[in-house]
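Single-structure report; data block below.
Start at 1 with the first residue, then count along the sequence. Whatever order the structure lists ligands and atoms in, that order sets their numbers, starting from 1.
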Amino acid sequence: KRIVIFASGSGSNAENIIKYFNSTKTAIVTHVLSNNQRAKVFDRCERLNIDASLFDKESFTKDDTVLNFLQAEADIIVLAGFLWRIPSKIVEAFPNKIINIHPALLPKYGGKGMYGMNVHNAVKENNETETGITIHYVNENYDEGAIISQVKTSISSEDTPETIAQKVHELEYEHFPKVIEEIILQNG
Ligand code: GRF
């Protein structure tokens, strides 16, 4: 199966997923797509020798450039730190084939504007005693698709938003590729 990854920023999850499937060969990451010209994910892809392309809002939401590309190139779509809402025509073309990771225990700390350190700051502010990751299918609404898997980690009073972020990233690296792989293997 061919995986296309969408990433808007650093792309450390994208890199981790690429390396995982390079080694297991249970699927292959064929392309990375980004909406952000300055995203560090482009440097990672160059190092890893993976095709990466920039696209704009027009080609994503108005014309069918991105949709056509995906229909030709992707079996599974993975969102790894991707910040735009997926247009309904793409959601409809890939039912249960688009997977997102969210750095908190949804439905808590989800929705528009809830990404990256915003999430971890809010978790700390509310004195949560646990947080974690949510891997879910994508629908037209931010962070509302069916949940596939959640993994928790505990938070102590000494934790800062930065240490919380670190704990969550570790969970992401450990679990996200494996969950993607399970879905691919289950669906044949
Ligand atoms: C991750 O924490 C992911 O859960 C969230 O955005 C972050 C992306 O980090 N949606 P990176 O770009 O993979 O380093």
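Near S10, with a cut-off below 4.0 Å to any heavy atom, the atoms of ligand 1 are 12 (O), 14 (O).
Clustering ILVMFWY residues whenever any of their side-chain heavy atoms sit less than 4.5 angstrom apart, transitively, puts V78 in the very cluster that holds I135.
A distance below 6.0 Å separates the ring centres of F69 and H31.
Within 6.0 Å of CG on N126 lie more than 12 heavy atoms contributed by other residues, nucleotides or ligands. Residue K152 qualifies as open at atom NZ: its count of foreign heavy atoms under 6.0 Å is 12 or below.
Nearest to atom 10 (N) of ligand 1 among the protein's heavy atoms is I101 O, 3.3 Å. The nearest protein atom to atom 13 (O) of ligand 1, hydrogens excluded, is given as N13 N, 2.8 Å; this is a heavy-atom distance. The nearest heavy-atom contact from the protein to atom 7 (C) of ligand 1 is G81 CA, 4.2 Å. Scanning the protein heavy atoms around atom 12 (O) of ligand 1, the nearest turns out to be G11 N, 2.7 Å.
Inclusion of H102 in the set of residues having an N or O under 3.5 Å from an N or O of ligand 1 is not warranted. The N/O atoms of S12, backbone and side chain alike, include one that comes under 3.5 Å of an N/O atom in ligand 1. Distances between N or O atoms of G116 and those of ligand 1 include no value under 3.5 Å.
Relative ring orientation between F6 and F60 is described as tilted, the plane-to-plane angle lying within the 30° to 60° band.
When the heavy-atom distances from atom 4 (O) of ligand 1 to K40, H120, H169, E172 are ranked, the shortest goes to E172.
Panel note: side chain N100, backbone V138; no donor-acceptor pair is recorded below 3.5 Å.
When side chains are defined from C-beta on, S59 counts as touching D56, because their heavy atoms get closer than 4.5 Å.
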